[in-house]
Amino acid sequence: MSVCWAIAIDTYSPVSSHAVPQADIPANEELELLKEEETVRIATRHEQPISQAPSNVYVITDEDIRHSGATDLPSVLRRVPGLDIMQVTGADFNVSARGDNQLFANKILVMVDGRSIYIDGEGLVFWKSLPVTLPEIKRIEVLKGPASVVYGFNAFDGVINIITKSAQEMKGTTLQFGGGELGTISSAAVQAGSAGKLDYRLSIGHDQNQQWRNNDALAFRSNKFNAQTQYNFSGDATLRVAGGFIDTNRFDGPVSNVQIPRSQFNQGYSDVHYQYRSFSLRGWWQGNDIPVESSTHPLLAPFVRQTNSTGGSNVSFSTQTYNIEAQHSLDFSPTNRLSYGVNYRYNSVDGAAVSQLGREDRLGFHLQDEWKILSPLTLVAGVRYDLHARISGTWSPRVALIYTLTPEHTFRLSGSVAYRPPTLFESNLDLRILPTIPPLFPPIPLFGSQTLNPEQIISYEAGYQGWWLKHRLRTRLDLFFNHLSDLINFQTIGTTRTLINGGEADIYGTEAGFEFLATRWLSGFANLSYQKIGQTFTGVSRRGGPDWKANVGLRGDWDSGLNGEIAVHYVAGATYPLIELFTALAPVLPGSISPSIDSYTLLNLRGGYRFWHDKAEVAVAVFNALNDRHKEHPLGDTLGSRVMGWVTLRY
């Protein structure tokens with residue numbers, strides 16, 4: 001079991017929220033036991049009650065993050081029914097939805113304040129190196145299911161939008177530090193304030209931790225800086241300018257079918273966003289420099305090495321993305337809203353892992369109408385057309401019917417289509433698998449392809465949300481069916497492994513859960529998800545994942561300042577595909593490896609105490625308190641326990 005202690009100092013101005021004095025608490029107990037329905041914008045790109053969203057949406061609040069005691073967002077996302085979270089190393093996470101997870105997961109769009117941080121050039125998200133510190137996060141909106149209709153390419157399995165707090169909400173200074181066993185350090189400093197009509201927020205962060213498989217070796221180390229300013233014009237107009245960089249000088253991964261590379265990750269970004277009521281104009285840039293030194297999986301290393309086209313271990317690459325977009329909404333009547341928008345994006349990839357400098361242009365147009373046909377019935381229909389330099393144009397429709405039986409009970413039916421185009425990395429890949437013992441087998445080229453088609457998902461969904469016991473209990477139920485086709489993966493043709501499209505999969509399942517507010521100080525949640533995969537994919541393109549997942553949580557937050565949370569995450573066993581080399585070399589490998597992993601149960605605990613008018617808090621959090629040692633992928637590390645301590649100060 002690992003032990004880690006953390007300290008956080010948070011300075012707020014007097015406008016910050018504090019605990020309500022006992023004398024000010026309303027006498028009416030029922031008013032205190034109203035669980036509010038969230039307002040979200042991820043499904044339509046404008047604010048609406050979550051029950052009226054045309055897609056399945058789940059919200060994680062800043063309090064959920066604080067009470068989890070987690071140092072990374074994938075650990076927090078485990079509580080969302082239907083999300084698949086796979087930790088492979090101390091740095092490498094893969095996140096997807098509804099049975100479509102894999103190494104190098106590339107089918108869920110991730111954004112910070114509506115700006116994509118998905119790396120288009122390679123199709124990756126470096127989950128430990130997000131351009132935001134934990135204290136800055138206000139909430140996380142999670143949409144499961146295709147959403148290309150409003151976001152374009154890559155909103156395939158779903159969308160995750162990390163929404164940060166405004167300068168007014170964070171006014172003051174926040175300092176955070178953590179450290180302990182496994183070399184775990186988590187630290188951040190945030191300064192926010194205003195000068196006249198100008199708001200600003202500055203943040204820096206440092207995070208690091210050791211490997212699970214070798215406690216003396218570093219798995220992850222990163223530094224980040226972010227700056228955001230917003231000028232508030234008269235007449236509801238705002239201009240926000242943001243920028244920052246991340247310097248991750250050690251990243252254990254990302255793990256592929258052959259290697260556990262030693263990587264770095266350096267990212268810079270800038271973002272300019274003008275908003276005037278229902279009109280939005282935005283432009284942003286993101287540059288990624290990713291130095292990678294190839295390192296073969298330990299079992300294969302005596303016999304195989306993966307190299308660049310000249311036999312070297314340098315497989316580094318860099319990407320550039322430029323994006324400009326505009327959107328406008330028109331309210332034709334109180335019962336009809338039309339939204340439309342356009343965006344242009346330029347991507348490039350270069351480096352030792354690709355055969356040439358790759359460039360692409362993308363242009364997309366979307367149109368969506370929300371029409372309240374009758375008082376209880378709303379129709380949401382939209383379509384998007386995307387042009388791409390290397391593939392034919394694609395149409396991405398979505399249709400949803402939302403029926404409000406009563407203000408407390410809502411039903412939803414929806415259907416949608418989305419695409420993920422081949423990345424420049426997949427189109428221009430140029431690597432080699434070489435035998436370390438030459439007679440073993442001839443060199444195997446790994447080639448991309450310029451003729452790849454986009455991957456496609458067609459999704460159907462039915463959902464229900466209901467409020468009970470005077471808004472103290474919410475229940476949710478969702479059924480889904482996803483048809484996947486033309487997934488991109490390797491196929492051996494002669495002595496060459498080439499990326500091709502092929503195969504189909506039908507994934508269906510259900511998600512059910514509830515959240516409750518029992519008293520002013522006691523709340524909780526529970527959910528269960530089931531998914532089944534039928535497929536024609538072969539080799540490493542086969543979909544893998546657990547059939548069953550369950551999450552249960554209980555939280556207490558008392559007026560005395562004491563607070564605590566217990567969360568249990570159960571994940572059933574699963575089988576994942578392995579590259580054929582593990583089978584072909586099985587007689588001579590120094591050890592064996594199974595494509596199946598056992599089920600596991602994570603018990604995560606956190607207890608805290610707030611004092612000094614809610615400006616200070618001490619807490620202890622335990623990850624995997626039962627020390628259920630397990631793998632979440634056959635090629636991943638064996639994960640154990642870790643204890644974190646937190647101290648927070650606000651003034």
Do you see a donor-acceptor pair shorter than 3.5 Å between the side chains of Arg384 and Asn343? yes
Lys372, NZ atom: more than 12 neighbouring heavy atoms under 6.0 Å: yes
How long is the span from the CH2 atom in Trp371 to the OG1 atom in Thr335, to the nearest 0.5 Å? 8.5 Å
Is there side-chain contact between Gln230 and Ser166, with heavy atoms separated by less than 4.5 Å? no
Should the pair Glu37-Arg474 be classified as a salt bridge under the 4.0 Å nitrogen-to-oxygen rule? no
With no hydrogens and no angle check, do the side chains of Tyr464 and His409 hold a donor and an acceptor under 3.5 Å apart? yes
Contacts table for residues 104-113: side-chain donor-acceptor under 3.5 angstrom, sequence neighbours left out:
from: Lys107; atom 1: NZ; to: Glu455; atom 2: OE1; distance (Å): 3.3
from: Asp113; atom 1: OD1; to: Thr164; atom 2: N; distance (Å): 2.9
from: Asp113; atom 1: OD1; to: Thr164; atom 2: OG1; distance (Å): 3.3
from: Asp113; atom 1: OD2; to: Thr164; atom 2: OG1; distance (Å): 2.6

All side chain to side chain donor-acceptor pair (under 3.5 Å) counterparts of His46, not counting sequence neighbours: Thr44, Arg337, Glu370
Under a plain distance cut-off of 3.5 Å, with no hydrogens placed, do Ser129 and Gln267 share a side-chain donor-acceptor pair? no
Check the side chains of Gln87 and Ser75 for a donor-acceptor pair under 3.5 angstrom, ignoring hydrogens and angles. no
Within a strict 4.5 Å, meaning less than it, do heavy atoms of the Ile246 and Leu130 side chains meet? no
Rounded to the nearest 0.5 Å, the NE2 atom of His67 sits from the CG atom of Asp62 at a distance of 9.5 Å
Would you compute the distance between atom CG of Leu452 and atom CG of Leu499 and round it to the nearest 0.5 angstrom? 6.0 Å
Here the gap from Gln465 atom CD to Ile50 atom CD1, rounded to the nearest 0.5 Å, amounts to 6.0 Å
Can you tell if the side chain of Ser416 reaches within under 4.5 Å of the side chain of Glu461, non-hydrogen atoms only? no
Determine, using ring centers only, whether Tyr231 and Phe233 are less than 6.0 Å apart. yes
Short side-chain donor-acceptor distance under 3.5 Å, Asn56 and Asp478: yes
Is it the case that atom OH in Tyr460 sees more than 12 heavy atoms from other parts of the structure closer than 6.0 Å? no
Please check if any side-chain donor atom of Gln275 sits under 3.5 Å from a side-chain acceptor atom of Arg240, or the reverse. no
State, without any angle test, whether Ser96 and Asp84 hold a side-chain donor-acceptor pair at a distance under 3.5 Å. no
Those residues at least two apart in sequence (or on a different chain) that pass ring pair (Phe, Tyr, Trp, His ring centres under 6.0 Å) with Phe425 are Phe317
Distance-only polar pair, side chains of Asn347 and Thr321, donor-acceptor under 3.5 Å: yes
State, without any angle test, whether Asn226 and Gln228 hold a side-chain donor-acceptor pair at a distance under 3.5 Å. no
In plain terms, say whether Glu360 and Arg345 are close enough for a salt bridge, that is, a side-chain N and a carboxylate O under 4.0 Å apart. no
Once you round to the nearest 0.5 Å, how far does CD1 of Ile140 lie from CD1 of Ile60? 5.0 Å
Output for pair (Asn489 CG, Thr498 OG1), nearest 0.5 Å, gives 12.0 Å
Going by atom types alone, do Ser280 and Arg45 pair a side-chain donor with an acceptor below 3.5 Å? no
Side-chain touch Ile597/His633, heavy atoms, less than 4.5 angstrom: no
Could you check whether Asp100 and Gln102, counting side-chain N and O atoms only, form a donor-acceptor pair closer than 3.5 Å? no
Strictly below 4.0 Å, N to O, side chains only: are Arg555 and Glu63 in salt-bridge contact? no
Whether Arg282 and Asp271 form a salt bridge (side-chain N of Lys/Arg under 4.0 Å from carboxylate O of Asp/Glu) is what I want to check. yes
Can you check whether Phe153 and Tyr419 have ring centres sitting under 6.0 Å from each other? no
Hey, are the side chains of Leu103 and Ser256 touching, using non-hydrogen atoms and a 4.5 Å cut-off? no
Going by side chain to side chain contact (heavy atoms under 4.5 Å, CB included), Trp127 matches just one of Ile117, Leu77, Asp92. Which one? Leu77
Using side-chain heavy atoms (C-beta onward) and a distance below 4.5 Å, is Thr423 in contact with Arg420? yes
